[in-house]
Amino acid sequence: MGCHLLSIGAMLFSKGCQQPIRFTETLPTVAVQAPDTCTQAAAAARRDFAARRYELHSIETLPVENAYHDVLRMDYNIQWSFVGEDGPGSYWQCYDSALWPLLEQKYGAGFGAHVSHKADSLDKTGRWNRYPEFPGGTEAMFLFFQRSINWQTAKPNGKRVFMGFTIQANGQVTNVVLMKGIGNPYDNEALRVVRQMPRWKPAYRQGQACPIQFTVPVKFERQSPMGSE
């Protein structure tokens with residue numbers, strides 16, 4: 001199941017499942033009109049609606065996968081597209097402002113609130129869309145590295161080795177590879193330690209546990225497990 005690139009803080013990176021954003025039920029009023037642009041956009045919205053092509057737009061680029069978008073697709077066949085501009089008077093703001101009343105006529109004036117309510121309910125399950133998690137969280141993972149590194153073999157030097165791996169649907173860590181090394185013995189020690197990690201809490205996408213790729217730094221610094229840039 002496909003996943004999109006995401007950064008967690010400055011340290012962890014994964015191709016994982018995103019968290020929800022919300023689309024307001026009442027669209028913003030067009031404050032600055034561009035008559036030709038808005039006329040064209042409204043006409044396009046009406047044509048698409050007649051052809052049963054329903055699509056709303058946002059300039060937000062993350063998160064892509066979230067419960068709100070999922071409910072729109074599953075229950076109403078409404079897609080979500082990310083665009084370069086959606087401010088007042090823009091083509092896509094005019095398009096959405098024309099399309100929204102048509103969708104309300106089709107699905108009922110309260111359908112936007114229903115989407116939000118259902119999306120919130122799915123999120124509260126904790127297993128609709130969820131990041132993977134090391135047992136005990138990120139701090140526990142770095143503490144695990146601190147306790148597992150053989151400091152006689154790889155003496156502290158403040159440098160980091162970046163490791164990639166797959167977190168399977170059952171939480172098992174597999175396919176451990178060196179992404180960016182600093183040379184042995186540090187590279188080999190990082191490989192050894194990451195291969196010893198316990199099972200993670202797996203990622204979930206639309207209620208199903210899914211494997212994802214993950215990248216994490218192993219820092220050879222004893223004083224601060226999280227390290228500093």
Side-chain angles (χ1 to χ4, degrees), residues 1-21 58-67 69 82 84 123 125-229:
M1 192 171 296
C3 294
H4 292 262
L5 185 64
L6 154 80
S7 67
I8 304 177
M11 301 293 290
L12 305 180
F13 306 88
S14 71
K15 290 183 178 179
C17 307
Q18 318 291 325
Q19 293 297 310
I21 56 176
S58 172
I59 59 172
E60 298 292 335
T61 56
L62 287 175
V64 175
E65 296 170 342
N66 63 75
H69 295 173
F82 297 103
D123 288 333
T125 67
R127 291 193 172 190
W128 184 251
N129 294 327
R130 189 182 77 181
Y131 298 118
E133 182 182 353
F134 185 89
T138 302
E139 293 279 358
M141 180 182 66
F142 283 94
L143 182 59
F144 169 81
F145 290 160
Q146 287 284 295
R147 292 174 175 173
S148 301
I149 291 173
N150 184 334
W151 295 106
Q152 296 300 316
T153 299
K155 298 184 183 302
N157 64 3
K159 296 182 179 180
R160 295 181 296 178
V161 171
F162 286 85
M163 303 301 302
F165 49 92
T166 301
I167 302 170
Q168 299 293 345
N170 63 1
Q172 183 178 1
V173 174
T174 65
N175 305 324
V176 180
V177 296
L178 177 69
M179 302 294 290
K180 182 180 180 182
I182 58 175
N184 287 323
Y186 300 97
D187 296 353
N188 283 340
E189 186 63 11
L191 282 164
R192 183 188 68 81
V193 169
V194 171
R195 285 170 178 157
Q196 292 181 348
M197 282 196 296
R199 290 178 186 262
W200 289 50
K201 295 179 182 179
Y204 276 81
R205 174 69 183 129
Q206 293 187 358
Q208 299 294 321
C210 61
I212 71 165
Q213 296 176 335
F214 213 82
T215 303
V216 66
V218 179
K219 187 170 184 179
F220 292 90
E221 171 62 68
R222 300 194 71 174
Q223 287 76 8
S224 175
M226 288 297 291
S228 58
E229 297 299 322

Closest heavy-atom contact between [X] and [Y]?
X	Y	value
Ala154	Pro185	CA-CG, 4.4 Å
Val218	Met163	CG2-CG, 4.0 Å
Pro132	Ile167	CB-CD1, 3.8 Å
Trp200	Glu133	CE3-C, 3.2 Å

Heavy-atom count around Arg192 CZ within 6.0 Å, excluding the residue itself: above 12?
->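 For Arg192, atom CZ is crowded (more than 12 foreign heavy atoms under 6.0 Å).
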
Under the side chain to side chain contact (heavy atoms under 4.5 Å, CB included) test, residues paired with Asn184 that sit two or more places apart =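 So Asn184 forms a side chain to side chain contact (heavy atoms under 4.5 Å, CB included) with Asp187, Asn188.
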
Contacts of Pro198 that satisfy side chain to side chain contact (heavy atoms under 4.5 Å, CB included) - sequence neighbours left out |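 Result, side chain to side chain contact (heavy atoms under 4.5 Å, CB included) vs Pro198: Phe134, Pro135, Phe144.
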
Using side-chain heavy atoms (C-beta onward) and a distance below 4.5 Å, is [X] in contact with [Y]?
X	Y	result
Phe145	Met197	yes
Trp128	Gln206	yes
Pro202	Arg130	yes
Pro217	Phe162	yes

Determine the interplanar angle of the His69 and Phe82 rings, folded into 0 to 90°, and report it as parallel if under 30°, tilted if 30 to 60°, perpendicular if over 60°.
->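 Geometry flag for Phe82 against His69: tilted rings.
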
Gln146 backbone acceptor or donor facing Arg222 side chain under 3.5 Å |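 No, because the side chain of Arg222 does not come within donor-acceptor range (under 3.5 Å) of the backbone of Gln146.
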
Looking only at atom types and distance, does a side-chain atom of Tyr186 sit under 3.5 Å from a main-chain N or O of Lys155, one as donor and one as acceptor?
->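 Between the backbone of Lys155 and the side chain of Tyr186 there is a qualifying donor-acceptor contact (under 3.5 Å).
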
For residues 174-181, tabulate all N or O donor-acceptor pairs below 3.5 Å that involve a side-chain atom, not counting sequence neighbours.
residue : atom : partner : partner atom : Å
Thr174  : OG1  : Gln168  : NE2          : 2.8
Asn175  : ND2  : Thr166  : OG1          : 3.3

All salt bridge (charged side-chain N to carboxylate O under 4.0 Å, His left out) counterparts of Arg195, not counting sequence neighbours =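 In terms of salt bridge (charged side-chain N to carboxylate O under 4.0 Å, His left out), with neighbours along the sequence ignored, Arg195 is linked to no residue.
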
Report the residues that fulfil side chain to side chain donor-acceptor pair (under 3.5 Å) with Asn157, sequence neighbours left out, ordered by chain and then residue number.
->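 Side chain to side chain donor-acceptor pair (under 3.5 Å) check on Asn157 returns nothing, list empty.
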
Contacts of type side chain to side chain donor-acceptor pair (under 3.5 Å), residue Thr153, not counting sequence neighbours =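 With sequence neighbours excluded, Thr153 shows a side chain to side chain donor-acceptor pair (under 3.5 Å) to Asn150, given in chain and number order.
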
Of Val194, Thr215, Leu191, Ile212, which meets side-chain contact (heavy atoms from CB on, under 4.5 Å) against Phe165?
->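 Output: one option passes, namely Val194.
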
